[in-house]
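Beneath this line is the structure, given in structure tokens, with notes to follow.
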Amino acid sequence: MEIIRLKPVFKQMIWGGNKLRDEFSYDVDAENIGECWGISAHPNGDCTVSGGVYDGMQLSQLYAEHRELFGNIDSYVFPLLTKIIDADTDLSIQVHPNDEYAGKYENGSLGKTECWYVLDAEPGTTIVIGHNAKNHQEVADMIHDKRWKEFIREIPVKKGDFFQINPGTLHAIKGGTLILETQQNSDITYRVYDYDRLTDGKPRPLHVEKSIDVITAPYHEMCEEERAQISKGLQRLVSCNYYTVWKMDVDGYSEFAQDGKFFLASVTDGSGSINGEKLNKGEHFIIPYGYGAIKFEGEMELIISCP
Ligand code: ZN
């Protein structure tokens with residue numbers, strides 16, 4: 001059995017940088033590639049299988065027609081989405097609804113839980129995670145009064161940091177940050193604040209009232225106890241209702257033996273192989289159900305997840 005390699009979908013963004021082109025040797029020559037959707041079956045960016053028996057097939061079709069590769073899970077859509085995001089300028093400050101709110105107000109859509117592993121951050125960079133309001137009324141007041149400095153919780157960020165972003169958590173990355181995001185397969189985002197910037201002379205639309213509805217207050221910092229060393233080189237970053245995410249550092253030889261249905265994996269640094277098949281930095285692939293013992297060789301860092 002072979003791994004399923006995927007060809008990513010690239011998104012040009014006004015805030016995007018050039019690290020995806022210059023540091024990951026992806027075959028893109030455009031400027032400002034903000035997002036690389038590495039493992040996605042979402043209609044806004046459906047990845048194509050590269051090589052092997054299913055060469056050329058889109059991931060959504062593979063998932064629909066060969067559910068056995070995914071352990072016959074019963075999720076109607078492919079459950080997860082992996083992206084690499086390269087921000088050259090600050091992204092707008094956002095919040096996502098949970099499944100219940102999105103189901104009710106966004107035509108039955110899923111909510112969005114996501115998490116970020118920081119691949120790189122320029123010195124002095126900060127990140128927005130959470131807010132400083134004491135309760136829901138104060139959230140509404142601070143937003144209506146535009147008391148952004150007081151409201152927004154901004155903390156230093158560095159390579160190797162990890163953030164779980166539950167629905168209702170205010171969040172944004174700033175210029176100079178490169179992250180790998182693992183998320184629920186949903187695109188529902190409410191924009192709270194865009195630093196009063198103009199695009200073509202106009203501010204981008206905000207979703208102030210929906211944001212106030214869904215922001216949880218007060219903000220509770222994520223408990224670090226989820227992050228745990230499993231074995232030498234293997235660290236679990238988080239385990240929640242939607243996914244488990246690990247970071248694997250291969251230094252010569254490592255085995256990965258988990259009993260999930262299937263795994264999503266991305267090589268975020270270095271190169272090596274999986275059961276003899278070559279892997280390079282920036283490659284995204286799926287380890288299908290029933291693949292058997294997983295042996296990595298080489299010098300590389302991977303982010304691995306499963307639903
Ligand atoms: Zn988000």
Side-chain angles (χ1 to χ4, degrees), residues 80 82-83 85 87 90-102 111-143 145-184 186 188-193 195 207-208 210-230 234-247 268 303-305:
L80 299 176
T82 302
K83 288 179 191 174
I85 303 176
D90 302 349
L91 271 73
S92 59
I93 296 175
Q94 323 189 326
V95 63
H96 305 296
N98 60 19
D99 289 341
E100 192 190 344
Y101 190 93
K112 187 170 165 190
T113 298
E114 66 188 37
C115 63
W116 293 343
Y117 179 73
V118 179
L119 297 172
D120 200 10
E122 283 164 22
T125 308
T126 58
I127 195 162
V128 173
I129 305 281
H131 60 77
N132 298 312
K134 287 192 293 291
N135 53 48
H136 204 252
Q137 186 56 49
E138 209 172 73
V139 169
D141 292 346
M142 285 177 156
I143 291 176
D145 298 345
K146 304 187 188 306
R147 286 148 63 194
W148 303 117
K149 272 219 139 55
E150 205 183 329
F151 178 58
I152 293 162
R153 180 175 174 272
E154 207 174 311
I155 56 171
V157 66
K158 61 181 188 315
K159 182 181 164 80
D161 285 348
F162 178 76
F163 300 96
Q164 166 78 349
I165 299 165
N166 289 317
T169 306
L170 204 68
H171 63 281
I173 55 170
K174 306 199 106 188
T177 319
L178 181 74
I179 60 169
L180 184 136
E181 176 175 289
T182 304
Q183 57 161 101
Q184 266 181 287
S186 159
I188 308 281
T189 293
Y190 300 144
R191 200 176 294 129
V192 187
Y193 177 52
Y195 301 97
H207 317 91
V208 172
K210 282 182 173 174
S211 299
I212 293 172
D213 271 356
V214 304
I215 293 173
T216 48
Y219 166 72
H220 289 290
E221 209 168 334
M222 172 205 162
C223 53
E224 273 283 314
E225 63 204 30
E226 287 289 336
R227 193 166 176 166
Q229 202 71 32
I230 304 296
L234 181 65
Q235 201 180 121
R236 186 186 64 214
L237 297 172
V238 74
S239 186
C240 70
N241 287 340
Y242 301 102
Y243 46 71
T244 301
V245 181
W246 299 268
K247 178 170 86 92
T268 51
I303 300 294
I304 304 174
S305 58

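Interatomic distance, Ile304 CD1 to Leu237 CG, rounded to the nearest 0.5 Å: 10.5 Å. Note: Thr125 OG1 to Ile155 CD1 = 12.5 Å, rounded to the nearest 0.5 Å. Once rounded to the nearest 0.5 Å, the distance linking CD1 of Ile179 with CZ of Phe162 reads 10.5 Å. A distance of 5.5 Å separates SG of Cys115 from CD of Gln164, quoted to the nearest 0.5 Å. In this structure, OG1 in Thr169 is found 12.5 Å from NZ in Lys112, a value given to the nearest 0.5 Å. Between the CD atom in Glu150 and the NE2 atom in His131 there is a gap of 13.0 Å [rounded to 0.5 Å].
Side-chain contact between Ile93 and Leu170 is present, with heavy atoms from C-beta onward closer than 4.5 Å. The shortest distance between side-chain heavy atoms of Thr177 and Trp116 does not fall below 4.5 Å. In this structure, Val208 and Val192 have side chains that are not in contact, with every pair of non-hydrogen atoms separated by 4.5 Å or more. Side-chain atoms of Ile173 and Ile85, non-hydrogen and from C-beta on, do get closer than 4.5 Å to each other. Between Ile212 and Ile143 there is a side-chain heavy-atom pair separated by less than 4.5 Å.
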* Check the pair Ile129 / Ile165 against side-chain contact (heavy atoms from CB on, under 4.5 Å), numbers first and verdict last. => CA-CA 8 Å; Ile129 305 281; Ile165 299 165; 4.3 Å; yes
* To do: Would you please test Thr82 and Leu180 for side-chain contact (heavy atoms from CB on, under 4.5 Å) and show each step?
  => CA-CA 7 Å; Thr82 302; Leu180 184 136; 3.9 Å; yes
* **Pair His96-Thr189, side-chain contact (heavy atoms from CB on, under 4.5 Å): steps then yes or no** => CA-CA 5 Å; His96 305 296; Thr189 293; 3.0 Å; yes
* **Lys210 vs Val95, side-chain contact (heavy atoms from CB on, under 4.5 Å): CA-CA, chis, key distance, verdict** => CA-CA 9 Å; Lys210 282 182 173 174; Val95 63; over 6 Å; no
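Side chain of Tyr117 to backbone of Trp246: no donor-acceptor contact under 3.5 angstrom is found. Remark: the backbone N or O of Arg147 is not paired with any side-chain donor or acceptor of Asp145 at under 3.5 angstrom. Under a 3.5 Å cut-off, the side chain of Asn98 and the backbone N or O of Pro167 do not form any donor-acceptor pair. Looking at Gln184, its side chain does come within 3.5 Å of a backbone N or O of Thr113 through a donor-acceptor pair. For His171 (side chain) and Asn166 (main-chain N/O), no donor-acceptor pair under 3.5 Å exists by modelled atom type.
A salt bridge (Lys or Arg N to Asp or Glu O under 4.0 Å) check over residues 126-139, counting only residues at least two apart or in different chains, returns the pairs Lys134-Glu138. Listed by first and then second residue, the salt bridge (Lys or Arg N to Asp or Glu O under 4.0 Å) pairs involving residues 160-177 are Asp90-Lys174, Glu154-Lys174, Lys158-Asp161 (not counting sequence neighbours).
Of all heavy-atom pairs spanning Asp99 and Gly111, the tightest one is OD1-N, 2.8 Å. Closest approach of Asp213 to His136, counting heavy atoms only: O-NE2, 4.0 Å. Shortest non-hydrogen contact noted between Ile188 and Ser186 is N-OG, 3.3 Å. Residues Ser305 and Val245 come closest through the heavy atom pair CB-CG2, 4.0 Å. Of all heavy-atom pairs spanning Tyr243 and Gln183, the tightest one is CE2-CA, 4.4 Å. Heavy-atom minimum distance, Pro156 versus Ile127: O-CG2, 4.5 Å.
Ring geometry for His207 against Tyr190 counts as tilted: the plane angle lies between 30° and 60°, on a 0 to 90° scale.
Residues passing the ring-ring contact (aromatic ring centres under 6.0 Å, His included) test with Tyr193 are Trp148, Tyr195, sequence neighbours excluded. Here Thr216 pairs with nothing under the side chain to side chain contact (heavy atoms under 4.5 Å, CB included) rule; sequence neighbours left out. When the salt bridge (Lys or Arg N to Asp or Glu O under 4.0 Å) test is applied to Arg153, the partners found at least two apart in sequence or on another chain are Glu221. Tyr219 meets the ring-ring contact (aromatic ring centres under 6.0 Å, His included) test with no other residue; sequence neighbours excluded.
At most 12 heavy atoms of other shown residues, nucleotides or ligands fall within 6.0 angstrom of atom CD in Glu100.
Using a 3.5 Å distance cut-off with no hydrogens or angles, the side chains of Tyr242 and Glu114 do not pair a donor with an acceptor.
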